[in-house]
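Taking it in order: structure first as structure tokens, then the write-up.
Just the heavy atoms: all of them, side chains too, but no hydrogens, waters or symmetry mates, feed the values below. Keep in mind the model is a prediction, meaning the values are calculated, not measured.
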Amino acid sequence: MTLKGGATSACAACKYQRRKCIPECLLAPYFPADQTKVFQNAHKLFGVSNIVKILRSLDPSQHAEAMRSIKYQANVRDRFPVYGCLGVIRQLYYQIQMLEEEMHTVLTQLEMYRQHHHHQQQQHQHQHQISSMADDVISQLELGMAPSNNALPLFNQVTHQPYTMQNTYSSSDIDSPPKDNVENNSLWIQHLFLDTNNHGTSNNDSPIAIQSQLLVPNSEPLADTQHQVVQDYDEIHPFLDSIDDRQSYIDTKDAEDSSSSEESLKETTQLMVGNVGSKDLKNAAACFSLTSVN
Amino acid sequence: MSSSSYSSSPCAACKFLRRKCMPDCIFAPYFPPEEPQKFANVHKIFGASNVSKLLNEVPTFQREDAVNSLAYEAEARLKDPVYGCVGAISVLQRQVITLQRELDATNANLFRYAYNEMPPLRPPPPPPPPAAGQSSGFYYPYQWNDPSDEDNERSSGGNM
């Protein structure tokens with residue numbers, strides 16, 4: 001319905017109701033003449049009188065937002081006649097639940113990778129220390145220098161650290177699981193020994209089953225290695241005693257006896273490499289005699 | 001108000017409307033007399049005639065769900081006359097967007113760890129909440145567009 005001489009036409013609400021659209025029409029700003037379907041939806045769900053009632057109960061500054069939500073609600077009801085906005089809410093809840101579950105899975109995997117990376121870094125650091133210490137000791141021995149008083153502890157450290165590292169590996173794996181729960185350990189193990197491709201569906205039974213399967217065989221090699229390291233340590237111990245004696249001897253010798261010093265160095269290296277035998281005893285006696293001459 | 005010829009009491013709708021509850025009353029199965037507030041809310045927001053028309057357009061086996069959804073929307077509109085149940089939709093939609101962003105960032109971190117063995121980046125901070133009173137942060141997940149009407153949500157909100 002158009003006003004005579006006026007440029008504005010009746011709003012969709014007044015057009016539908018076939019009445020004159022006055023300038024003070026509450027619904028005119030929100031239902032332009034070209035949005036008949038939108039108005040029909042709102043009218044079908046709420047009714048004009050109920051919409052006006054809602055608007056009149058609100059402050060004029062809130063009318064725009066209220067009408068926006070009313071139109072949206074009516075359009076959704078037109079699209080989903082049974083569930084309307086409640087269906088949209090339920091769908092969003094479901095989406096959130098799925099996203100949270102997926103986030104939990106991804107965070108678990110990320111934690112596994114972090115621990116693995118951290119352990120790798122520790123191992124690299126230890127290996128670097130071992131190699132640098134071994135280089136220092138060898139270089140000192142080659143130069144004929146008395147190694148520091150920490151030679152024995154150095155060797156102790158050299159042989160002991162792998163034991164410690166592996167001990168750390170096993171303890172962090174079994175005794176002190178990550179902060180979350182055992183499932184993280186199981187997934188970490190799964191990553192280390194299997195090709196992981198974990199996705200959304202999390203099955204608590206299978207990771208734990210995998211953990212039980214993997215931990216049992218995993219512990220045995222560790223025990224064997226630890227035992228082997230201990231044995232190696234025991235075998236080295238007698239050599240350490242002899243090396244100390246030799247080195248103290250080298251310190252007290254005269255510098256002019258270079259040949260004998262070279263010989264003693266050779267003997268020392270032989271002692272380090274091979275077993276103590278009769279040949280070494282003879283050499284020891286020879287050194288003693290030389291010392292007595294001086 | 002109960003009829004002597006019928007053993008069952010009138011439904012909440014007929015009680016509220018003060019009319020005779022007929023055997024074929026469309027409201028009776030879904031508005032029991034023990035829940036008077038349910039119909040009162042629905043009637044206040046939507047009106048009994050609109051609800052009746054809506055129920056007639058829906059198959060019988062889905063009418064209970066339709067009534068429950070209408071009751072939920074009516075109660076939400078009474079609690080929040082401005083946004084009604086659409087306010088909850090907006091909040092949930094923002095939550096979905098935030099979670100999706102975080103998940104994308106975490107997946108990117110995981111990818112970096114898995115294939116590059118690099119330390120992970122920190123997840124991006126969540127977007128700041130919109131200032132009070134701003135309507136621009138209101139999310140309407142379903143943009144309803146009618147080709148004949150060319151409805152546009154942004155065009156609403158004109159001055160009186």
Side-chain angles (χ1 to χ4, degrees), chain A residues 12 24 26 28-30 32 34-38 41 43-47 49-50 53-54 57-58 60 62-73 75-89 92-93 95-96 99-100 102-103 106-107 109-110 113-114 116-117 120 196, chain B residues 44-47 49-50 53-54 57-59 62-63 65-66 68-70 72-73 76-77 80-90 92-93 95-96 99-100 102-103 106-107 109-110 113-114 117-120 135 138 140-142 144 146 148-153 155-160:
Chain A
E24 296 82 17
L26 265 179
Y30 313 111
D34 56 345
Q35 294 183 8
T36 54
K37 179 61 178 167
V38 176
N41 293 338
H43 176 63
K44 186 178 177 183
L45 181 61
F46 292 93
S49 58
N50 288 329
K53 210 189 298 180
I54 291 172
S57 68
L58 297 172
Q62 297 173 312
H63 285 183
E65 283 302 304
M67 283 310 302
R68 199 175 173 197
S69 70
I70 285 171
K71 286 198 290 184
Y72 178 80
Q73 191 173 344
N75 291 336
V76 172
R77 179 62 65 170
D78 177 67
R79 189 170 174 180
F80 306 109
V82 178
Y83 297 103
C85 286
L86 185 59
V88 174
I89 290 171
L92 288 169
Y93 268 123
Q95 274 185 31
I96 289 169
L99 285 170
E100 284 177 347
E102 193 172 347
M103 177 68 85
V106 173
L107 286 174
Q109 284 189 338
L110 197 58
Y113 277 111
R114 278 185 187 143
H116 178 59
H117 184 72
Q120 271 190 342
T196 58
Chain B
K44 190 170 183 181
I45 298 299
F46 302 116
S49 59
N50 288 340
K53 288 178 198 171
L54 284 167
E57 291 177 358
V58 167
Q62 288 183 313
R63 285 180 183 173
D65 291 335
N68 290 334
S69 68
L70 287 169
Y72 171 82
E73 289 182 20
R77 183 62 66 173
D80 184 0
V82 179
Y83 295 108
C85 65
V86 186
I89 292 176
S90 173
L92 291 173
Q93 187 63 22
Q95 220 173 326
V96 166
L99 277 173
Q100 190 62 57
E102 287 180 10
L103 186 63
T106 311
N107 271 325
N109 268 346
L110 186 66
Y113 242 141
E117 288 296 326
M118 291 176 69
S135 62
F138 207 88
Y140 286 87
Y142 288 99
W144 189 86
D146 185 9
S148 60
D149 290 343
E150 295 180 359
D151 181 31
N152 190 357
E153 293 288 342
S155 64
S156 64
N159 293 326
M160 286 199 53

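- Looking only at side-chain heavy atoms (C-beta outward), B:Arg77 and A:Ser69 come within less than 4.5 Å of each other.
- Both the backbone and the side chain of B:Val96 come within contact range of chain A, judged by heavy atoms closer than 4.5 Å.
- Both the backbone and the side chain of A:Leu45 have a heavy atom closer than 4.5 Å to some heavy atom of chain B.
- Heavy atoms closer than 4.5 Å to chain B are found in both the backbone and the side chain of A:Ile96.
- Residues A:Phe46 and B:Ile45 have side chains in contact (heavy-atom distance under 4.5 Å, counting atoms from C-beta outward).
- Residues A:Ile89 and B:Ala88 come closest through the heavy atom pair CD1-CB, 4.2 Å.
- The shortest heavy-atom contact between B:Lys44 and A:Lys53 is O-NZ, 4.3 Å.
- Counting heavy atoms from C-beta outward, A:Gln73 and B:Cys85 have side chains that approach closer than 4.5 Å.
- Looking at B:Leu54, only its side chain comes within 4.5 Å of chain A, counting heavy atoms on both sides.
- With values rounded to the nearest 0.5 angstrom, B:Thr106 atom OG1 is found 10.0 Å from A:Glu102 atom CD.
- The salt bridge (charged side-chain N to carboxylate O under 4.0 Å, His left out) test applied to A:Glu100 returns no partner, not counting sequence neighbours.
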With side-chain contact (heavy atoms from CB on, under 4.5 Å) as the criterion, how do B:Leu70 and A:Arg77 come out once you've worked through the C-alpha distance, each side chain's angles and the decisive distance to 0.1 Å? CA-CA 10 Å; B:Leu70 287 169; A:Arg77 179 62 65 170; 3.5 Å; yes

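- Residue contact with chain A, scored on non-hydrogen atoms closer than 4.5 Å, involves the backbone and the side chain of B:Gln100 alike.
- Judged purely by atom type and a 3.5 angstrom limit, B:Glu73 uses its side chain to pair as donor or acceptor with the backbone of A:Cys85.
- For A:Met103, the parts lying under 4.5 angstrom from a heavy atom of chain B are both the backbone and the side chain.
- Looking at B:Arg63, there are no atoms closer than 4.5 Å to chain A (heavy atoms on both sides), in backbone or side chain.
- For the atom pair CD (A:Gln95) and CG (B:Leu92), the distance works out to 9.5 Å, reported to the nearest 0.5 Å.
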Checking B:Asn68 against A:Tyr83 for the side-chain contact (heavy atoms from CB on, under 4.5 Å) test, could you report, in this order, the C-alpha distance in whole Å, the side-chain angles of both residues, the deciding distance, and whether it holds? CA-CA 8 Å; B:Asn68 290 334; A:Tyr83 297 103; over 6 Å; no

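- Contact of the A:Tyr113 side chain with the B:Asn109 side chain is not registered, since no non-hydrogen atoms from C-beta on lie closer than 4.5 Å.
- A:Leu86 meets the side-chain contact (heavy atoms from CB on, under 4.5 Å) test with A:Arg90, B:Ser69, B:Tyr72; sequence neighbours excluded.
- Between the A:Asn50 side chain and the B:Phe46 main chain, a donor and an acceptor come within less than 3.5 Å of each other.
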side-chain contact (heavy atoms from CB on, under 4.5 Å) between A:Leu92 and B:Gln95, worked out: CA-CA 9 Å; A:Leu92 288 169; B:Gln95 220 173 326; over 6 Å; no

